[in-house]
2 protein chains.
Amino acid sequence: MVPKKEIATHKLTIYDVAREANVGVGTVSRVLNNHPSVTPQTRQRVLDVAARLNYQPHTYAQRLAKRQSETISAIIPFFTNYFFIEILQGVQDRISQLGYDLVLYGVNNLDQVEGYVSRALQRGRVDGILLFSMKLPEKVILRLKETNVPVVLVDTISPYFDSISVANFDGAYAATTHLIELGRLPVGMVNAPLVSTPAVERLQGYKHALETHGVEYSDDLVKTGYSTKQDGFNREAGYEAMVDFIKMGENMPKAFFISSDIQAMGAIAALSENELRVPDDIAIVGFDDIELARHLKLTTMRQPMYQMGILAVDRVVTRMSNTNLEILHTTFSPTLIVRESCGALRNSDGTREPSPRVTPSSEGSLR
Amino acid sequence: MVPKKEIATHKLTIYDVAREANVGVGTVSRVLNNHPSVTPQTRQRVLDVAARLNYQPHTYAQRLAKRQSETISAIIPFFTNYFFIEILQGVQDRISQLGYDLVLYGVNNLDQVEGYVSRALQRGRVDGILLFSMKLPEKVILRLKETNVPVVLVDTISPYFDSISVANFDGAYAATTHLIELGRLPVGMVNAPLVSTPAVERLQGYKHALETHGVEYSDDLVKTGYSTKQDGFNREAGYEAMVDFIKMGENMPKAFFISSDIQAMGAIAALSENELRVPDDIAIVGFDDIELARHLKLTTMRQPMYQMGILAVDRVVTRMSNTNLEILHTTFSPTLIVRESCGALRNSDGTREPSPRVTPSSEGSLR
DNA sequence: CCCAGCTTTGGAAGTGCTTCCAAAAGATGC
DNA sequence: GCATCTTTTGGAAGCACTTCCAAAGCTGGG
């Protein structure tokens, strides 16, 4: 005589389900984990009971027993940054598709990174770590290496870990070339301080474009803002740099490759405050293609951020199950998105956007 | 004779530490949890050993034994939305200050909510849930209620849960009044569809302002866009609504209260495409004060988003330790931030911002 | 009908912690 | 020095699962 208590007293364990379904706990566990060796009838019986009792397995007990966390953590530089947000969308979508949890650490300065990494490294806590554009302290690299947790770097490179990034050099080259070909000379550049890899590479790409096209380079063609937050990839810095350019008066360049869209936004503000019109007086090409760029009708180099997020997750998951893979660096090529700020469209219908932003299909399963 | 093996074989448990320090596991546990009844000497000895072995407790074992997860989950409508991102900053900062984990679920449509809530509700998984501006299906409310997990609603209200929100009515009233007082009549409104509470309340506040100031209301003073994502609080919707207004020609209002900054952005784009200048021809006041608003020099109603995030976390934590608190609804009053788009500053130095954005102190401990 | 060889099942042992209880060690007072 | 309290300590039991092993149940061939 088995008494059927429906009292969902909240303490319901796998034993309760087992008793109620007249099976052993092992069987319940197998059913819940889709283990094949259970007869369909038994499986159904267990499933019914579980549903009736509204049984929910205790996640942490599972994780403890299974010795894996089904959690991936992402450590991102503070997420006021649109670029990261957009990558994060891809990350979050893929992670939840795979049934993992995303735990998020927002970092404001490099010092915090170490703390968060330690945190993430607590045994069993996470199965994998995504690290966004940070130059890691040597110390952190060591710890990461020795614990052997799968790590994927996004928007940086290190010889020790997998990485997903964008071809900064090529992008800068393409952007600059576009401007040169439009005849908007001289072409200047608003860059971020050379503390970050993207800034360095984009500068090189820019210079290379000048060189290739026989345009002379000089140091006053490149300026950087003073505001250093986000490694200098922020609106104020763009504003400041452009103000400096404007001070050059007649000698100021007629076109600019700007190392991020957000800086471009600041730069454009500076221009408009000085009665300089984009693209009529000054042509602009940005970098990133954050959502804002569309709104601003900014010509820019698109980074497939959403895709990068997806890929980062896939990569970390692959490495989880296959521990000694070769280290792999994936590089996306940015593509030029021509909108209005470069002036290329001046004679066409100004609203048209050559290649529309990739939007999710309406099934909504992908996002 | 205790052999000292330094071999960090990754499987190091509390028993290893105990053996090595010549104490019982209970003592090690107490040390690690700052339990008072351990002598300073013993504590130090344990700490030394733990450090030497580089011992990391197993998070999930702790959570299982302690019967709490030290995790708070946030379910947010897809985070392409700047408003949520800014709240999330506060949430994330406070959560990590308190040593909790943040697990993030991004939701794209209401159907997903149920799934994620179930997920979050798995016993022991989270200690509290933050739900961002979603009208919850009755079903979900029930489940949430019966499991008795602390829930805090942000940017919505429900009689069943704590909530943090903003005085939409008052904000809309203030914004509209500001425009009326500037003499920019008639004042129209770009709203979102009345499916969400904020849209409803803001409309009421707007109407009330007209009424109070003896300005007549008519239905063609309010328009809504067609794009429905984000409940209509998106750039395209703002653009569309404004295009409709522009079709009115001469009769179009001379000023607009727009129910979100992001819609204001679209609206301004529509205006500028039609050679209408802001604020010279048309005055605009937005709502939210997302970071973008500053860039756009948009006059707007500021919601203290960062603070709201902080508070939401605090509230959920309080409720965690004190289970049967009264249900509390906290309402912030939005404040008017006068920038250029309303035209109030037309004769002053255009750049000045009356009340600068609250930024973290440089200690950086708060963010 | 019996036995070998599967498949399915039960349940003990293991996962790595916390906590409770009782015992040991120290204080205190007389 | 001893009895009594109070601190401090060790370690068993418990947390809620998974997994492994052995036992039970089937299947079909002889």
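The basis for the numbers below is simple: all heavy atoms, side chains too, and nothing from hydrogens, waters or symmetry mates. The structure presented is a predicted model; accordingly, all values stated were derived computationally and were not measured. Lettering of chains follows the sequences in order, A, B, ..., and the numbering in each one begins at 1.
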Closest to the A/Val23 side chain: C/dT18, C/dG10, D/dT18?
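Of the candidates, C/dG10 comes closest.
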Considering only C/dA12, C/dT8, C/dT15, which nucleotide approaches the side chain of A/Ser37 most closely?
C/dT8
Reckon A/Thr13 touches a base, only the sugar-phosphate, or nothing at all at heavy-atom distances under 4.0 Å?
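The answer is sugar-phosphate, as A/Thr13 gets under 4.0 Å only of primed atoms, P, OP1 or OP2.
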At under 4.0 Å between heavy atoms, what does A/Thr39 touch on the DNA or RNA strands: base, sugar-phosphate, or nothing?
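It contacts sugar-phosphate atoms only.
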Taking all atoms of both residues into account, what is the closest heavy-atom pair of B/Pro150 and B/Met320, and its distance?
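The answer is CG-CG, 3.6 Å.
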What is the minimum heavy-atom distance between B/Leu12 and B/Leu53, and which atoms define it?
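Closest approach of B/Leu12 to B/Leu53, heavy atoms only: CD2-O, 3.2 Å.
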With rounding to the nearest 0.5 angstrom, report the [atom1] to [atom2] distance, [X] to [Y].
X        : Y        : atom1 : atom2 : answer
A/Glu20  : A/Asp48  : CD    : CG    : 12.0 Å
B/Ser73  : B/Asp127 : OG    : CG    : 10.0 Å
B/Asp101 : B/Glu70  : CG    : CD    : 8.0 Å

In whole angstroms, how far is the [atom2] atom of [N] from the [atom1] atom of [X]?
X        : N      : atom1 : atom2 : result
A/Gln56  : D/dA16 : CD    : P     : 14 Å
B/Arg125 : D/dC15 : CZ    : C1'   : 17 Å
B/Arg63  : C/dT15 : CZ    : C1'   : 16 Å
A/Leu32  : D/dT18 : CG    : P     : 7 Å
B/His58  : D/dC15 : NE2   : P     : 18 Å
A/Gln41  : C/dT8  : CD    : P     : 10 Å
A/Asn22  : C/dG11 : CG    : P     : 11 Å
A/Leu64  : C/dC17 : CG    : P     : 9 Å

Check whether any side-chain nitrogen or oxygen of [X] sits under 4.0 Å from OP1 or OP2 of [N], and answer yes or no.
X       : N      : result
A/Tyr15 : D/dC15 : no
B/Thr59 : C/dC17 : no
A/Ser29 : D/dT18 : yes
A/Thr27 : C/dG10 : yes

Quick check: on DNA chain D, is the nucleotide nearest A/Pro57 upstream (toward 5') of the one nearest B/Arg43, or the reverse? Name the residue that is more 5'.
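Its nearest nucleotide lies further toward 5', so the answer is B/Arg43.
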Ranking B/Gly24 and B/Ala61 by the position along DNA chain D of their nearest nucleotide, the one closer to 5' is B/Gly24
Between the base of D/dG10 and the side chain of B/Arg30, is there a donor-acceptor distance below 3.5 Å?
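Side chain to base: pair present.
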